[in-house]
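The figures that follow rest on heavy atoms only: side chains count, while hydrogens, waters and symmetry mates do not. Numbering of ligands and ligand atoms starts at 1, following listing order. Please read these numbers as outputs of a predicted model, since none were measured by experiment.
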Amino acid sequence: MTSLWLDRVDQIETDTFVPDVAYDDVVVGGGLTGLITGVLLSRAGRRVAVVEARFVGAVTTGHTTAKVSLLQGTRYSAILSAHSEEVARAYLEGNREGQAWLLRYCSDHGVPFEQRDAYTYAGASAGAASVRKEFDACRRVGLDVTLEDADELPYASYGTVRLRDQAQFNPLDVLTALAAELRARGGVLLEDVRVKGVDVGFSSTVSTDSGTIAAENVVLATGIPILDRGLYFAKVTPQRSYAMAFRVPGHVPQGMYLSTESPTRSLRTASYNGEEVLVVGGNGHEVGRHPSPQSMVDELTAWTLENFPGAVRSHVWSAQDYESHNHVPFVGKLPGGGGHVYLATGYGKWGMTNAPMAALRIAGEILGGQMPWADTLGSRVTKPLAALQAIQYNAEVGVAALQGWAAAELRPLPDEAPAEGEGVVGRRDLRPAAVATLNGRTCTVSAVCTHLGGVVRWNDAEKSWDCPLHGSRYAVDGTVLEGPTTEPLERLV
Ligand SMILES: Cc1cc2nc3c(=O)[nH]c(=O)nc-3n(C[C@H](O)[C@H](O)[C@H](O)COP(=O)(O)OP(=O)(O)OC[C@H]3O[C@@H](n4cnc5c(N)ncnc54)[C@H](O)[C@@H]3O)c2cc1C
């Protein structure tokens, strides 16, 4: 499932890992957050290493839909349900600054982007009230939106909030430019190096699967923090969703659209080999909790073909992002990190503006900058209702854990290897095991997630093992793909 953005031939230049080197700052993660943070710190003359477990853009940034928008679905009404107006305004201010930084960066570095209007619309009459509520929330926080009809869409809609002059781009163009600037300023960019732990001391020791390095500051720009201090895995929900690109005959809507109701529908255009394509997204669900992710792909494809007759699919992909239980990202110092370990998580699928916001905030803290919106976000107090939702989510995690273990205990692993592209979890020698066949090869691994012991489930779309607790994902052979874990699933022979 290669995304439209990763379907390219140009390579990003990287460096070779040298053990026992001391850096000023080690940034863990080569997505948008990590690379912007690395660039900001290296611009200040600091010696920076960005350490990426897979390759630049491998995880969410390479699989996003990359709308760079301050209108973000129903984000402002959600924030106002959990926080004061002051916090919602600070969120907007931080995102505005992040968006301005990123688009200025694109202009200065020849990275193409297109200016487009953003729309939040109701695709069913039941969503009309949410549109009105979002319009009021946007106006309250100071966003210059209008209430309109979505005339451009080829299907019925029931009210639309519009924000003019937002942007869309190809996220790999931006990552490529950031990686080049990082290295041009003396920064080091490492791929295929997974960080396993950080020992905090006078200077921190960062252990990786290739050796150790040292740093004054460590920034965890890993999507969800890989260290469990601060229990951030219990403060965010991992949400997986699907995207695809289509060649469409005739008119393609030019705006960037997102529906309010579930299943969500997201639209934007993009350019592929000089041709305009339509990017369609949606069908989000909690990671590892859907019985058949492939059915989500099939349903989204069918919806597109119904509404854009003659459309031909060229790419399909999926990705996950982390929704903060109180709708505002967590950015700043990690508890127990001695004041020198930073984290950024919980962008809720709005990382194109939240990643630069977080990078500006973290680099600002390291370099001694002052941002009033960051102080407001850092000292926010969550309303009791949002706190209750977090408790409910964690109760659901507990149920998913029990269900996974019970199901694995009940049935023994079948004697026959699963058919090509299939995987099954069962009991083997009294422990949960997972067996799958891919490209003619059958692998058996422990089914117990190495993060916090959930039992993984088969993802029939991605052909992966996904943990329903906190979103760790593994390849068929147990290799880590993403999520809070740092260790592979144990191989069983
Ligand atoms: C389907 C979908 C559509 C989206 N659409 C939009 C949109 O239109 N607009 C918008 O604003 N946002 C959107 N988002 C959200 C946005 O894409 C993300 O918030 C953003 O890309 C996150 O960037 P990041 O750098 O924090 O994380 P990532 O891009 O995931 O980067 C984290 C990196 O850390 C690495 N890593 C993890 N663990 C380790 C380790 N132990 N050692 C070393 N490296 C490690 C990973 O390999 C990864 O490359 C969307 C998200 C999804 C899922």
Examine Leu32 against ligand 1 and note whether any of their N/O atoms are separated by less than 3.5 Å. yes
Those atoms of ligand 1 less than 4.0 Å from some heavy atom in Ser241: 1 (C)
Can the ring centroids of His470 and Tyr322 be said to lie less than 6.0 angstrom from one another? no
Which of the atoms of ligand 1 are close to Val51, meaning less than 4.0 Å from one of its heavy atoms? 43 (C), 44 (N)
Ignoring hydrogens and angles, write down the donor-acceptor pairs under 3.5 Å from the side chains of residues 50-58, residues two or more places apart or on other chains.
unit_1 : atom_1 : unit_2 : atom_2 : d
Glu52  : OE1    : Gly30  : N      : 2.7
Glu52  : OE2    : Arg54  : N      : 2.7
Arg54  : NH1    : Leu481 : O      : 3.0

Would you check whether Ala66 has a nitrogen or oxygen atom less than 3.5 angstrom from a nitrogen or oxygen atom of ligand 1? yes
Glu97 bridged to Arg361 by N-O distance under 4.0 Å: no
Run the numbers for me: atoms of ligand 1, each under 4.0 Å from some heavy atom of Trp350, listed by number. 9 (N), 10 (C), 11 (O), 12 (N), 15 (C)
Identity and distance of the protein heavy atom lying nearest atom 6 (C) of ligand 1: Thr64 OG1, 3.1 Å
Scan Lys235, Lys349, Arg75 and name whichever one has a salt bridge (charged side-chain N to carboxylate O under 4.0 Å, His left out) with Glu323. Arg75
Could you name the option among Thr222, Ile36, Ile224, Thr61 that has the heavy atom nearest to atom 20 (C) of ligand 1? Thr61
Give me the nearest non-hydrogen protein atom to atom 33 (C) of ligand 1 as residue plus atom name, then the distance to 0.1 Å. Glu52 OE1, 3.5 Å
Any idea which protein heavy atom is nearest atom 45 (C) of ligand 1, and the distance to it? Ala53 CB, 3.6 Å
Heavy-atom nearest neighbour in the protein, as seen from atom 9 (N) of ligand 1, with distance rounded to 0.1 Å: Lys67 O, 2.8 Å
Considering heavy atoms of the protein only, find what lies nearest to atom 24 (P) of ligand 1 and give residue, atom and distance to 0.1 Å. Thr33 OG1, 3.4 Å
Consider every N or O of Thr486 and every N or O of ligand 1, then say whether any pair is closer than 3.5 Å. no
Does any N or O in the side chain of Ser464 come within less than 3.5 Å of the main-chain N or O of Asp466, such that one atom is a donor and the other an acceptor? no
Have a look at Gln72, Arg194, Lys349 and point out the one with the heavy atom closest to atom 14 (N) of ligand 1. Lys349
Heavy-atom nearest neighbour in the protein, as seen from atom 31 (O) of ligand 1, with distance rounded to 0.1 Å: Gly31 CA, 3.5 Å
With a 6.0 Å cut-off on ring centres, are Tyr272 and His315 close enough? yes
Give the atoms of ligand 1, by number and element, whose distance to some non-hydrogen atom of Met352 is under 4.0 Å. 9 (N), 10 (C), 11 (O), 12 (N), 16 (C), 17 (O), 21 (O)
Within-cut-off N or O pair, Gln320 and ligand 1, under 3.5 Å: no
Report yes if Asp321 has an N/O atom closer than 3.5 Å to an N/O atom of ligand 1; otherwise report no. yes
Under 3.5 Å donor-acceptor, His83 side chain and Ile79 backbone: no
Does NZ or CZ of Arg265 come closer than 6.0 Å to the centre of the six-membered ring of Trp303, within 45° of the ring's axis? yes
Taking only heavy atoms of Val28, which atoms of ligand 1 are found under 4.0 Å from at least one of them? 40 (C), 42 (N), 43 (C), 44 (N)
Test side chain to side chain contact (heavy atoms under 4.5 Å, CB included), reference Leu102, set Thr353, Val111, Val174, output is Val174
Short N/O distance, under 3.5 Å, between Arg54 and ligand 1? no
Test your reading of the model: is there a side-chain donor-acceptor pair from Thr61 to the backbone of Leu32, 3.5 Å cut-off? yes
Can you list the ligand 1 atoms lying under 4.0 Å from a non-hydrogen atom of Val193? 43 (C)
Work out which heavy atom in Asp321 is nearest to a heavy atom in Gly348; give both atom names and the distance. OD2-N, 3.8 Å
Suppose I only count heavy atoms of Gly29 and a 4.0 Å limit; which atoms of ligand 1 are within that range? 33 (C), 34 (O), 35 (C), 44 (N)
Identity and separation of the nearest protein heavy atom to atom 3 (C) of ligand 1: Thr65 N, 3.5 Å
Would you say Ala355 has any N or O atom under 3.5 Å from an N or O of ligand 1, going by distance alone? no
Hey, does Phe113 have a side-chain heavy atom less than 4.5 Å from the side chain of Asp173? no
Just distances here: any N/O of Val195 and N/O of ligand 1 closer than 3.5 Å? yes
Would you say Ile366 and Val219 make side-chain contact, with heavy atoms under 4.5 Å? yes
Per-atom contacts, ligand 1 versus Ala221 - under 4.0 Å to a heavy atom: 32 (C), 33 (C), 34 (O)
Quick check against the 3.5 Å criterion: does Ser324 have a side-chain atom that pairs as donor or acceptor with the backbone of Val328? yes
Please tell me whether Ser266 and Lys67 have a donor and an acceptor in their side chains that are separated by less than 3.5 angstrom. yes
